[in-house]
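Notes to accompany the following structure.
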Amino acid sequence: MLRTSERFGALPAYPLAGMKEIRRRIEAEGVDVIDLGTGDAQLDPPPAVVERLRSVAGELAYSRYGFQAGLPEFREAVAAWMQRRFGVRVDPLTEVLPLIGSKEGLAHLPFAYVGPGDAAVIPDPGYQAYFGGVTFAGGEPHLVRLAPEHDFLIPLEDLPSGVARRARILYLNYPNNPTTAVAPDDYYVGAIRFCAERGAILANDHAYSELAFDGYRPRSVLELEGAREVAVEFHSFSKTYNMTGWRLGWAVGSAEIVAALAKVKTFVDTGQYLGIQAAGVAALGSWETWVPGNVATFQRRRDAAVAAFRRAGFAVTCPKATMYLWIPVPRGEPSETFARRALEQEGVIVLPGASLGRGGEGYFRVALTVPEGRLEEAARRLARLP
Ligand SMILES: Cc1ncc(COP(=O)(O)O)c(C=O)c1O
């Protein structure tokens, strides 16, 4: 067997590996599996996006390397949207960077700022890219459990002083995957101060900024005083526009951080296909007209799923945002055992909280990726689990 690197060895085993085989087996036996595992909705992207990609697909100008500069119209459309949506003015050339999905940006950021001896503060449970990036950069991922008693926020004042001193990046993600928690402004104000005092970066993962309900409108960290010096925010087309597979996002914020991330990427990738960036311009152009309908779809699913899971006996908090429910596993059963039984015995795929980090133990996540009727059917089936 070939020897792998120490950093590679620090990665946890791939979660849910055995689940695929169980799914294959029971589907072959004729079970109608309901998949609420991955946050990948079975919904179409905006028609204007598909149309735009079609219209440029044959054009040579879009076929060539995008490099980190990418499509100038994309940067401009992002800057214009940041202004429309958040009232934040950014320079498209120096404060915006196209990404091949926000995940790669989140994972590549530590390569510029974190090395051996440095720490990064990471929510647990949390999106894998934070842990992966920090680990590959040779830094110390300091995982902090997102606990209900802290409203699923990272209590910055409780960080060990040795970690706080060495922290180079603080990853935050609100609205949060998987807990669905949102953060008040004063929490972000404290986080900006925390970073400013230590020369750390606030990496704000805003993948769910637009999937918010009941009139709630998450703000950009860049709206807050002092953020321009310390923060970089990551945005994604994946959830807002049902474009998960298109791999498009952007980083926005401090010109210094954006330039450093662009330099890292220069040594790793050559930019997203310009045709997809052109499609991204169309997506941002359809934000006012198309996104509200998409959000309404998720809100209907949320309402149906919350009611159905409550009827089924689960203690569900109604989320203000994201496309998930974060539900305590009944009777203290380990989340992986529960998820395995849910699939084997009832043909329902849910994500065990522990697969997103030890801090997620005790919960399972339901993704609102299927229509109301299927969500209700899934809740009914899970109620039958002994
Ligand atoms: C918290 C969080 N951040 C980032 C992403 C990644 O989005 P993208 O598809 O833009 O890489 C996701 C996707 O599931 C997510 O849940």
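Whatever order the structure lists them in is the order used to number ligands and atoms, beginning at 1. Atoms considered below: every heavy atom in the structure, side chains included; atoms not considered: hydrogens, waters and symmetry mates.
Taking the ring centre of Phe298 as origin, the terminal cationic atom of Arg302 falls outside the region bounded by 6.0 Å and 45° from the ring axis. Stacking of Arg168 on the aromatic ring of Tyr113 is not recorded, the 6.0 Å distance cut-off and the 45° axial limit not both being met.
Comparing Thr240, Thr38, Asn177 by heavy-atom distance to atom 16 (O) of ligand 1, the nearest is Asn177.
Of the protein's non-hydrogen atoms, the one nearest atom 14 (O) of ligand 1 is Lys239 NZ, 2.9 Å. Looking only at heavy atoms of the protein, atom 7 (O) of ligand 1 is closest to Ser102 OG, 3.2 Å. Nearest protein heavy-atom contact of atom 3 (N) of ligand 1 is Asp205 OD2, 2.5 Å. Looking from atom 6 (C) of ligand 1 to the surrounding protein, the closest heavy atom is Tyr127 OH, 3.2 Å.
Using a 4.0 Å cut-off to heavy atoms of Ala207, the atoms of ligand 1 that qualify are 2 (C), 3 (N), 4 (C). Shown in contact with Asn173 at under 4.0 Å from a heavy atom are these atoms of ligand 1, numbered in order with element: 1 (C). Close approach of ligand 1 to Arg247 (heavy-atom distance below 4.0 Å) involves ligand atoms 8 (P), 9 (O), 11 (O). Less than 4.0 angstrom separates some heavy atom of Gly101 from each of these atoms of ligand 1: 10 (O), 11 (O). Short contacts between ligand 1 and Ser236, defined as distances under 4.0 Å to a heavy atom of the residue, involve ligand atoms 7 (O), 8 (P), 9 (O), 10 (O).
Checked by atom type, the side-chain pair Tyr324/Tyr208 shows a donor-acceptor distance below 3.5 Å. One side chain, Tyr188 or Asn204, offers a donor N or O that lies under 3.5 Å from an acceptor on the other. The closest side-chain donor-acceptor pair between Thr369 and Gln42, if any, does not fall under 3.5 angstrom.
When all heavy atoms of Tyr273 and Val56 are compared, the pair lying nearest together is OH-O, 4.1 Å. Across every non-hydrogen atom of Arg52 and Ala282, the tightest pair is CB-CB, 3.9 Å.
Only the side chain of Ser238 comes within contact range of ligand 1, with a heavy atom under 4.0 Å; no backbone atom does. With a 4.0 Å heavy-atom cut-off, ligand 1 is reached by the side chain of Tyr208 but not by its N, CA, C or O. Counting heavy atoms closer than 4.0 Å to ligand 1, residue Glu104 contributes nothing at all.
Atoms CG and CG, on Leu146 and Leu143 in that order, are 10.0 Å from each other to the nearest 0.5 Å.
None of Arg85, Arg217, Lys239 except one satisfies the salt bridge (charged side-chain N to carboxylate O under 4.0 Å, His left out) rule with Glu210; the exception is Arg85.
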